[in-house]
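Beneath this line is the structure, given in structure tokens, with notes to follow.
Residue numbers start from 1 in every chain, and the chains themselves are labelled A, B, ... in the order their sequence lines are given, proteins ahead of strands.
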Amino acid sequence: MYTHHNNALTLNDVNTRVRLKGFVAKRRDLGNLVFIDLRDREGITQLAFDADNDLKSIAQALKNEYVIDIEGTVRERTSKNPNLTTGDIEIDVDKVVVLNTAAQPPLLIQDDTDALEETRLKYRYLDLRRPVLQKLMRLRHQMMRATRAFLDEEGFIEFDTPVLTASTPEGARDYIVPSRIHKGEYYALPQSPQLFKQLLMVSGFEKYYQIAKCFRDEDLRSDRQPEFTQIDLEMSFVDQQTVIQTSERLVKHIMQTVAGKPFDAAFKRMTYHDAMRDYGTDKPDTRFGMLLKDLSDILKKTDFNVFKSVLETGGSVQAIAVKGGASAYSRKAIDALTEEAKKHGAKGLAFLKFQKGISGSVAKFLSAEETDAIQSRTDATEGDLVLIVADTPAVVRKSLGHLRNHIAKTQNLIDDDVYDFTWIVDWPMFEYDEETKRYYTLHHPFTRVIDQHKSSFVDKPLDALAYCYDLVVQGQELGGGSMRIHEQTMQQSVFSVLGLTEAEQRRRFGFFTDALTYGTPPHGGIAFGFDRFVMLLGKTKNIRDVIAFPKTASAQCLMTGAPSSIDADQLTVFKPDTPDKTDV
RNA sequence: GGUCCUGUAGUGUAGUGGUUAACAUGCCAGUCUGUCACACUGGAGAUCGCGGGUUCGAGUCCCGUCAGGACCGCCA
């Protein structure tokens, strides 16, 4: 064992005899004087081998990443290094044991000399030696600890729920696992422990939590992995307000204990309707303004055909104003913005520049009254750029909402240290999809319709609101939850609105709707995207940075080679019996 | 499923269709007593992702393919 970690020793320890272990981070060989930087998970200590040190030749043979065990005496340095915690001291070494040698690593074990991600993922165990990733993994650990400490204190019981479970319709694509015993039948890996945690409420445990692995077989993004972690919790005998307040205290506890960020004020709340209207998205970044403004009423009688025809066919014309954008955005830069808008479905991007008069792509098509009204509606002043999209309301919101984030990011309007936690509340229960001609739930089918709509939602699904809440910060969904349905009748009605026949309901969810009949307490809960939470506090934009062994954008593990082919005889156990066998 | 970017010594990058593919770092050898990105001298190290095509000639142009990344669709 070692006596100290490598960031522990200071001038107070001078003349202390110590034993240190670690990796050789760097050798500086000055001929008759050799320095070794010894690195462990905590930091770096300098080892010194003087001219008269018998071990000098051994030190000269040490290479990067050798694992060594040394003993020696702490002494004050003659030339100190203020950049190092242990920069005032060094170790006069009198014993060296090489515990293991190391081949030349394919990547430098340093924060600032990143290899390509491909190399890093193939040699992930070396990548993880880099201090920056060591810090992020330990941040993750601290956040798990803070979560458990808080929820334990609040009386929550930690559970494990099955990883081999049943596939359910709705939602994301399942990862499936073939059954050997029941040939032709499959388990699914859980997209979330939703039904299990609700059943634990039926069982009377009152407060459940789990730091749960979830699996979704969908395409990846920089903030999405096929397997990811949620802080999942559920409470009985409570209302929405209690779940929100408990969740808020959990988040504040984590922010306080891990990041040292105290939050006294309650998190803001915004209705889904207001978020969509002002920000064009259900996960608004509220750290900056540039709100969406509806121009439809102003342009109702416009002569400009593009706007006119959109408005006549039930579309919408909306705008955002970019402060100082008139000179900041050249024609070419606006073309680039147009491309951004097109990625989200817009057919084009109109603009007005308020700068010594009015110019811009649509200036000559609009009357003075119209441009005046647009200027006043968007609060545009001299020097501002107004960007306008005309399309269906959904496309307008999506493209302008995206442009708003895009512009704020590129114009550096965003402060990463501001945590604008906001609850999005009053969600619609259902939406209608024109392509598949059916209703979908915005949250999930177990979400409770609000009391005022519980007798009307079957007839008017689109008018129904749900007891549903998302926690949004910095334009990201950090968590989402809802009060759940605890009566069998409402659950069956929701399934019916979604188009599930009675037979399908019985087959897929019979066990669950049955359970609801045996005295189910009112309950609700929430799940937080744990990896995203770590990203938020670790200030990284890449989910792979907060997962020890992540997968690539094509869901492969470059280190293990997963997914991989398997031996034929591994597969035969899943095949239905051959005719030969059944004949016997 | 789609769009875009990238692939060249161990690693990261440069490289007008034309001689021996360059630079940094790492690696190897040597000099050096206060370094901490040590310095200096010398050296080794490349099937230019893979396959085809155009061309007198391809790292460079074209097509395909594989791999990595970003985004759209998708992710209740």
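- Residue Arg39(A) is out of contact with every strand shown, counting any heavy-atom pair closer than 4.0 Å.
- Residues passing the ring-ring contact (aromatic ring centres under 6.0 Å, His included) test with Phe512(A) are Phe446(A), sequence neighbours excluded.
- In terms of the ring-ring contact (aromatic ring centres under 6.0 Å, His included) criterion, Tyr66(A) has no residue partners (sequence neighbours excluded).
- Side-chain atoms of Thr78(A) lie closest to rG34(B) of the nucleotides rG10(B), rC74(B), rG34(B).
- With sequence neighbours excluded, no residue forms a salt bridge (Lys or Arg N to Asp or Glu O under 4.0 Å) with Lys454(A).
- Comparing the P positions of rC50(B) and rC56(B) gives an interatomic distance of 25 Å, to the nearest angstrom.
- Within 4.0 Å (heavy atoms only), Leu498(A) reaches no atom of the nucleic acid at all.
- Rounded to whole Å, the P atom of rU13(B) lies 33 Å from the corresponding atom of rU35(B).
- In a base pair of the Watson-Crick type (N1 to N3 plus N6-O4 or O6-N4) or a G-U wobble (N1-O2 and O6-N3), with each distance short of 3.5 Å, rA37(B) is matched with no nucleotide.
- rU13(B) is paired with rA22(B) under the Watson-Crick or G-U wobble criterion, all donor-acceptor distances under 3.5 Å.
- When all heavy atoms are compared, the tightest approach of Asn53(A) to Ala48(A) is ND2-O, 4.3 Å.
- A donor-acceptor contact under 3.5 angstrom links the side chains of Ser482(A) and Arg484(A), judged on distance only.
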Protein-nucleic acid N or O pairs under 3.5 Å, nucleotides 35-37 of chain B:
unit_1	atom_1	unit_2	atom_2	d
rU35(B)	O2	Arg28(A)	NE	2.6
rU35(B)	O2	Arg28(A)	NH2	3.3
rU35(B)	N3	Gln46(A)	OE1	2.8
rU35(B)	N3	Gln46(A)	NE2	3.1
rU35(B)	O4	Gln46(A)	NE2	2.7
rU35(B)	O4	Arg77(A)	NH1	3.2
rU35(B)	O4	Ser79(A)	O	3.4
rC36(B)	O4'	Arg28(A)	NE	3.0
rC36(B)	O2	Arg77(A)	NH1	3.3
rC36(B)	O2	Asn81(A)	ND2	3.1
rC36(B)	N3	Arg77(A)	NH1	2.7
rC36(B)	N4	Ser79(A)	O	2.8
rC36(B)	N4	Lys80(A)	O	3.4

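- For Asp285(A), the salt bridge (Lys or Arg N to Asp or Glu O under 4.0 Å) partners at least two apart in sequence or on another chain are Arg287(A).
- On a pure distance criterion of 3.5 Å, a polar donor-acceptor pair joins the side chain of Asp219(A) and the base of rG73(B).
- OP1 or OP2 of rC28(B) lies within a sub-4.0 Å distance of a side-chain N or O belonging to Lys63(A).
- Here, rA9(B) and rA21(B) have their P atoms 14 Å apart, quoted to the whole Å.
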Protein-nucleotides 49-51 of chain B N/O pairs under 3.5 Å:
none

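- A side chain to side chain donor-acceptor pair (under 3.5 Å) check over residues 457-476 of chain A, counting only residues at least two apart or in different chains, returns the pairs Asp451(A)-Tyr467(A).
- Following rounding to the nearest Å, Gln230(A) (CD) and rC75(B) (P) show an atom-to-atom distance of 16 Å.
- Between rU20(B) and rC27(B), the two P atoms lie 31 Å apart (nearest whole Å).
- Going from atom CZ of Arg130(A) over to atom C1' of rG12(B) covers 13 Å, rounded to whole Å.
- Shown here is Lys21(A), whose NZ atom has more than 12 heavy atoms of other residues, nucleotides or ligands within 6.0 Å.
- Base pairing analysis places rC27(B) opposite rG43(B); the two distances defining the Watson-Crick or G-U wobble pair are each below 3.5 Å.
- Listed by chain and number, the residues in a ring-ring contact (aromatic ring centres under 6.0 Å, His included) with Tyr432(A) are Tyr439(A) (sequence neighbours excluded).
- Within the shown strands, nothing qualifies as a pairing partner of rC48(B) under the Watson-Crick or G-U definition with both distances less than 3.5 Å.
- Counting non-hydrogen atoms of other residues, nucleotides and ligands closer than 6.0 Å to OH of Tyr175(A) gives a total above 12.
- For Arg75(A) and rG34(B), the CZ to P distance is 13 Å, given to the nearest whole Å.
- The shortest distance between the side-chain N/O atoms of Asn64(A) and the OP1/OP2 oxygens of rC27(B) is below 4.0 Å.
- Across the strands present, rA70(B) finds its partner in rU3(B); the criterion is a Watson-Crick or G-U wobble pair with both atom distances under 3.5 angstrom.
- Atom-to-atom distance recorded for Leu478(A):CG and Ile231(A):CD1 is 8.0 Å, nearest 0.5 angstrom.
- Environment of NZ in Lys409(A): sparse, with no more than 12 heavy atoms of neighbouring residues, nucleotides or ligands closer than 6.0 Å.
- Taking atom C1' in both rA58(B) and rG18(B), the straight-line distance is 10 Å, to the nearest Å.
- Straight-line distance from the CZ atom of Arg120(A) to the C1' atom of rG12(B): 13 Å, rounded to whole Å.
- Taking the C1' atom of each, rG26(B) and rG12(B) are spaced 10 Å apart, rounded to whole Å.
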Write down the protein N/O and nucleotide N/O pairs, taken from nucleotides 67-71 of chain B, whose separation is under 3.5 Å; answer none if there are no such pairs.
unit_1	atom_1	unit_2	atom_2	d
rA67(B)	O2'	Glu118(A)	OE2	2.7
rG68(B)	OP1	Thr552(A)	OG1	3.2
rG68(B)	OP1	Ser554(A)	OG	3.4
rG68(B)	OP1	Gln556(A)	OE1	2.7
rG68(B)	OP2	Ser554(A)	OG	3.0
rG68(B)	O4'	Glu118(A)	OE1	3.3
rG69(B)	OP1	Ala553(A)	N	3.0
rG69(B)	OP2	Ala553(A)	N	2.7
rG69(B)	O3'	Arg544(A)	NH2	3.2
rA70(B)	OP1	Arg544(A)	NH2	3.2
rC71(B)	OP1	Ser222(A)	OG	3.0
rC71(B)	OP2	Ser222(A)	N	3.3
rC71(B)	O2'	Lys343(A)	NZ	3.3

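- With no hydrogens or angles considered, no side-chain donor-acceptor pair links Thr513(A) and Gln505(A) at under 3.5 Å.
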Which atoms of nucleotides 2-9 of chain B (N or O only) lie under 3.5 Å from a protein N or O atom, and what are those distances?
none

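- Side-chain to base pairing of Arg216(A) with rC75(B): no donor and acceptor N or O lie closer than 3.5 Å to each other.
- Among the nucleotides rC74(B), rG34(B), rC32(B), the one closest to the side chain of Glu218(A) is rC74(B).
- Separating the CG atom of Asp52(A) from the P atom of rG34(B) is a distance of 15 Å, rounded to the nearest angstrom.
- Looking only at atom types and distance, the side chain of Gln191(A) has a donor-acceptor partner in the side chain of Asp174(A) under 3.5 Å away.
- Annotation: salt bridge (Lys or Arg N to Asp or Glu O under 4.0 Å) contacts involving residues 486-506 of chain A, sequence neighbours excluded, comprise Arg448(A)-Glu487(A), Arg506(A)-Asp514(A).
- Arg77(A) pairs by the salt bridge (Lys or Arg N to Asp or Glu O under 4.0 Å) definition with nothing, not counting sequence neighbours.
- Comparing the P positions of rU16(B) and rG49(B) gives an interatomic distance of 15 Å, to the nearest angstrom.
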